[in-house]
Amino acid sequence: MLRDHLAHAPEAPFLIAPETGRTLRYADIAAETAALAAMLDARGLAAGAVVGLFLPNGLRTTALFLATMLAGRVVAPFNLIAQKSQLAHCLDHGDARIVFTTAQERARLDEALAALPDARRHAIEIVAVDPDTPGATAGAASDPGRALAGLPPIDTASPALLMYTSGTTGLPKGALLTHGNLVAGARAVAAWHGLGRDDRCLSSLPLYHINGQCIATLTPFVSGGSVVAPRRFSVSQWWPLVDAHRPTWLNMVPTIIAYLINATDGGDGTRRAFVRFGRSASAPLPPEQHRAFEARFGVGVVEAMGMTECASVVLCNPQDAPRRKIGSPGLPCGVELKVVKVGDPDDAPLPDGVPGELLLRGPNVMAGYYKEPELTAAAITRDGWLRTGDLGYRDADGFYFITGRLKELIIKGGENIAPREIDEALLAHEAVLEAAAVGVPDPHYGQEILACVVLKQGRRATEDDIREHCLRELGRYKTPRTIRIVAELPKGASGKIQRLKLLDLA
């Protein structure tokens, strides 16, 4: 694909970094790939080796993300808001031999590395880079196509992306996606939205999130278009960026939509005809926010749904407004879907309107969970169906509706948070006997966190005391918004906490 872009338009912009005014061209991606491949070769990191990124958004970050895969290695972007124990697990489990980071993030990375066995810690090289400053892209070769000569061969089965996603156990699982998975997902999105070389995306989603990777980066790359990628979302800068760079589509999550609607200085309601559509995914979009955004800004929003395990592509609504269904994530996009009865050994499809678990199959479904054959076998059936863990139904028009989750995963602002992770932090408080966390609906983040705790006999603690403890252990983002001190937690006959019954206490 890169060779094709180089043949047609090597000087075309791929990424525009608005804070610095720098541009990453397709020719620059080739130069970055050649330089990275030479660096990794010199260190003995052959094809298939894992390269970690612990970086914020930036031109160099995107260049390294693409160049690692183009150079035949596997890129592993680590979550910048992961707590130390989770980051340490990813560093250890993921087998990265080299990790790119910034001088500012180096201290946090070192803290996580300190938790690893000596042999593993010393096997990881840390390289500090400036995420905004070009690397090999400065002074790129006059013939960028030659820069790609001699790279390790890759095909559809070659591993490309190792993306860690939270599980209900609290330990992240590494979804291993191949080049075929990523290309299939990106092509499906590009075809669905009719994207081509003249299309430009505006996206502030982080590159350590599957949406930022597959939808905002790989989809424009596959279609030969471009992306305006600010370091982070800013209400006050969103519409000025739209006016300055004239994107044809906006990549958003419900949290961004909520902030734009509620901002007093976030836009004057001007209709911008060059914006063809907005896309919302990573969490359910509340219908009232969907309608309010379109009414205020005159941009139609296409709601979609994705998963890390299938390159962020599952369902999407049609772009033509009469066919969309607000409240539904849409129709199958590049995949097959079916609804089955939970526990049915035959996974027979249920009739329309009957709720069950959603299963999907397609070329974008991951190769499996890295080094986890049992988890992979539990998630993917022998005939290739991925168990999504989502509950829902299909209507007579073929649209799917999500009604709940088999998994108890909390999804806040598009970030996956394992309830057990919150539980364990709460249990570390000296006064807490039992604890359980659950996701509750929130108009801004999709879900917020509710935690219920039982205190030890004779011990005292206030909700504020426990909240301060959580801020120290979990950080602000994962600290429960609501904490309830209760006499007992709801339990089943086996003594297992019935987490979803905590919703009655919200």
Side-chain angles (χ1 to χ4, degrees), residues 2 5-6 8-36 53 55-67 70 77 80 100-105 128-142 144 147 195-209 212-213 215-221 223-252 256 259-260 263 265-268 270 272 274-276 278:
L2 180 56
H5 298 326
L6 295 175
H8 285 87
E11 301 300 315
F14 171 69
L15 181 138
I16 299 164
E19 293 89 353
T20 63
R22 292 189 171 113
T23 298
L24 181 72
R25 306 167 303 164
Y26 282 94
D28 298 328
I29 296 172
E32 190 75 45
T33 300
L36 180 64
L53 303 183
L55 293 167
N57 280 10
L59 181 144
R60 186 76 184 281
T61 303
T62 300
L64 285 169
F65 173 74
L66 292 169
L70 286 161
L80 284 183
F100 291 92
T101 189
T102 66
Q104 293 78 12
E105 298 294 344
V129 297
D130 182 342
D132 295 317
T133 302
T137 61
S142 58
L195 300 176
R197 297 183 188 276
D198 294 331
D199 281 295
R200 174 170 293 172
C201 173
L202 170 60
S203 177
S204 60
L205 301 185
L207 203 57
Y208 56 75
H209 191 281
Q213 295 158 5
I215 306 302
T217 305
L218 293 179
T219 295
F221 179 82
S223 61
S226 58
V227 56
V228 180
R231 296 189 191 105
R232 62 187 63 86
F233 171 69
S234 166
V235 171
S236 62
Q237 292 302 308
W238 184 263
W239 296 113
L241 286 174
V242 170
D243 292 331
H245 297 285
R246 298 178 69 84
T248 60
W249 63 289
L250 312 176
N251 193 43
M252 302 178 290
I256 289 177
Y259 275 109
L260 291 172
D265 59 348
D268 57 7
T270 300
R272 296 164 174 87
F274 53 85
V275 179
R276 295 201 288 118

Distance-only, no hydrogens or angles: does the Ser223 side chain make a donor-acceptor pair with backbone N or O of Pro220 under 3.5 Å? yes
Any side-chain heavy-atom pair from Tyr26 and Pro10 closer than 4.5 angstrom? no
Test log, rule side-chain contact (heavy atoms from CB on, under 4.5 Å), inputs Asp243 and Arg272: CA-CA 8 Å; Asp243 292 331; Arg272 296 164 174 87; 2.8 Å; yes
Kindly indicate whether the side chain of Ser204, heavy atoms from C-beta on, has any atom under 4.5 Å from the side chain of Asn57. no
How many angstroms lie between CH2 in Trp249 and OG1 in Thr219, if you round to the nearest 0.5 Å? 5.5 Å
Interatomic spacing from CD in Glu105 to CG in Leu80 - rounded to 0.5 Å: 5.0 Å
Student check: side-chain heavy atoms of Glu32 and Leu24 closer than 4.5 Å: no
Student check: side-chain heavy atoms of Phe14 and Leu59 closer than 4.5 Å: no
Please determine whether a side-chain nitrogen of the Lys or Arg among Arg60 and Asp130 lies less than 4.0 Å from a carboxylate oxygen of the Asp or Glu. no
Test item: Arg200 side-chain N/O and Val228 main-chain N/O as donor-acceptor pair under 3.5 Å: no
Can you tell me how far apart CG (Leu202) and CH2 (Trp238) are? Round to the nearest 0.5 Å. 4.0 Å
Would you say Asp28 and Pro134 make side-chain contact, with heavy atoms under 4.5 Å? no
Residues, nucleotides or ligands: over 12 heavy atoms within 6.0 Å of Arg232 CZ: no
Quick one, Leu205 and Ile256 - any side-chain contact, counting heavy atoms below 4.5 Å? yes
What are the two closest heavy atoms between Ala27 and Glu11, and how far apart are they? CB-OE2, 4.4 Å
Non-hydrogen side-chain atoms of Val242 and Phe274 separated by less than 4.5 Å: yes
Short side-chain donor-acceptor distance under 3.5 Å, Thr248 and Arg276: no
For the residue pair Val227 and Ala216, what are the closest heavy atoms and their distance? CG2-O, 3.6 Å
Restricting to non-hydrogen atoms, name the atom on Asn251 and the atom on Ser203 that form the minimum distance, rounded to 0.1 Å. ND2-OG, 3.4 Å
Heavy-atom pair of closest approach, residues Leu207 and Gln213: O-NE2, 3.0 Å
Out of curiosity, Ser234 OG to Leu241 CG, how far, rounded to the nearest 0.5 Å? 8.0 Å
When every non-hydrogen atom of Asp132 is compared with those of Arg22, the smallest separation belongs to O-NH1, 3.2 Å
Looking only at heavy atoms, what is the nearest atom pair of Thr23 and Ile16, with distance? OG1-CG1, 4.2 Å
Could you check whether the rings of Phe221 and His5 sit parallel, tilted or perpendicular, using 30° and 60° as the cut-offs? perpendicular
Tell me if a side-chain donor or acceptor on Asp199 pairs with a main-chain N or O of Gly196 at a distance below 3.5 Å. yes
Counting C-beta onward and ignoring hydrogens, is there a side-chain heavy-atom pair between Tyr208 and Leu53 closer than 4.5 Å? no
Rounded to the nearest 0.5 angstrom, the CG-CD1 distance for Leu6 and Ile29 is 8.5 Å
Crowded around Tyr259 OH? As in, over 12 foreign heavy atoms under 6.0 Å? no
